[in-house]
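Order of listing sets the numbers, starting from 1, for every ligand and every atom in it. Treat the numbers as computed from the prediction; the structure is a model and nothing was measured.
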Amino acid sequence: MSYDQGNIFAKIIRNEAPAARVYEDEYSLAFMDVMPQVPGHTLVIPKSAAENIHEIDPEVLSHTVRTTQVVSNAVKQAFDAPGIMIAQLNGSAAGQTVFHLHFHILPRFQGLEFSLHAREMQEMDVLQDHAERIKTFL
Ligand code: AMP
C-alpha cells in the first residue's frame, strides 16, 4: 500500500485539519489524541510521509523517538502519572487505523484499565486545556 497524502495526520501536518498541538520541530509533531483512551493521551508523528516503522527514514525515526521521550516526560509530570505506556501499531492486522506512523503516549495508573481503542471523541476545549498543561512541562 502506498502512502496516502489525504490521511488525517498528513492534513494535520499541513494545517488542513485541527489538532490540539503540544510540540513541534523540524522533523516531528505532537498533539492530543481526539479519542483519548485516558486523559493526557498524546500522539507523536514524524512530519515526513511514512506509513509505518518499516518505511520511515532512520534519521527521522530517531528524531521522532527523541520527541516521544521529551513529550512523554512532560505528559508524566502534567498528569502526575506513575506509569507511561508507549504504543506503536504497524498494519491493520496490528490494529493500526491511521496510516501515518505515530507513537501513542498513555498515562497509566495502577488498577485503571482501558480498551485498546477508544471510540468517544473528546471536546476540543478539553484537549486544548490538556495540551496547555503538557506544554508547561516542556
Ligand atoms: P492507531 O490505531 O494506532 O492507528 O491510532 C490512531 C489514533 O489516531 C487513534 O487513537 C485515534 O483516536 C487517533 N485519531 C484519529 N483521528 C484523529 C484526529 N483527527 N486528531 C487526533 N487524533 C486522531
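Residue contacts with ligand 1 for L89 involve side-chain atoms from C-beta outward but no N, CA, C or O (heavy atoms, distance under 4.0 Å).
Within the 4.5 Å cutoff, no side-chain heavy atoms of L127 are placed close to those of F31. Side-chain contact check for H130 versus H41: every heavy-atom pair is 4.5 Å or farther apart. Inter-residue side-chain proximity for H100 and P46 is flagged as met; some heavy-atom pair is nearer than 4.5 Å.
Polar contact with ligand 1: present for H104 (N/O pair, distance under 3.5 Å). For ligand 1, the polar-atom distance check against V98 finds a nitrogen or oxygen pair separated by under 3.5 Å. For ligand 1, the polar-atom distance check against Q37 finds no nitrogen or oxygen pair separated by under 3.5 Å. At least one N or O atom of V34, backbone or side chain, sits closer than 3.5 Å to an N or O atom of ligand 1.
The side-chain hydrogen bond (donor to acceptor under 3.5 Å, both in side chains) with K47 is formed by just one residue from the set E26, E24, H63; it is E24. Evaluated for a side-chain contact (heavy atoms from CB on, under 4.5 Å) with F103, the options V65, L43, I45 yield exactly one hit, V65.
Under a 4.0 Å heavy-atom criterion, Q88 is not in contact with ligand 1. The shell of residues lying under 4.0 angstrom from ligand 1, judged by heavy atoms, excludes F99. Within the 4.0 Å heavy-atom shell around ligand 1 one finds M32. Residue contacts with ligand 1 include G95, since one of its heavy atoms falls under 4.0 Å from the ligand. Not a single heavy atom of K11 lies less than 4.0 angstrom from ligand 1.
No more than 12 heavy atoms of other residues, nucleotides or ligands sit less than 6.0 Å from atom CG of D80. Within 6.0 Å of the CD atom in E16, the count of heavy atoms belonging to other residues, nucleotides or ligands exceeds 12.
Of the options T97, L43, L127, the smallest heavy-atom separation from atom 6 (C) of ligand 1 is shown by T97. Within the set H41, Q96, Q122, H102, the minimum heavy-atom distance to atom 3 (O) of ligand 1 is found for H102.
Between the side chain of K76 and the backbone N or O of A81 there is at least one donor-acceptor pair closer than 3.5 Å.
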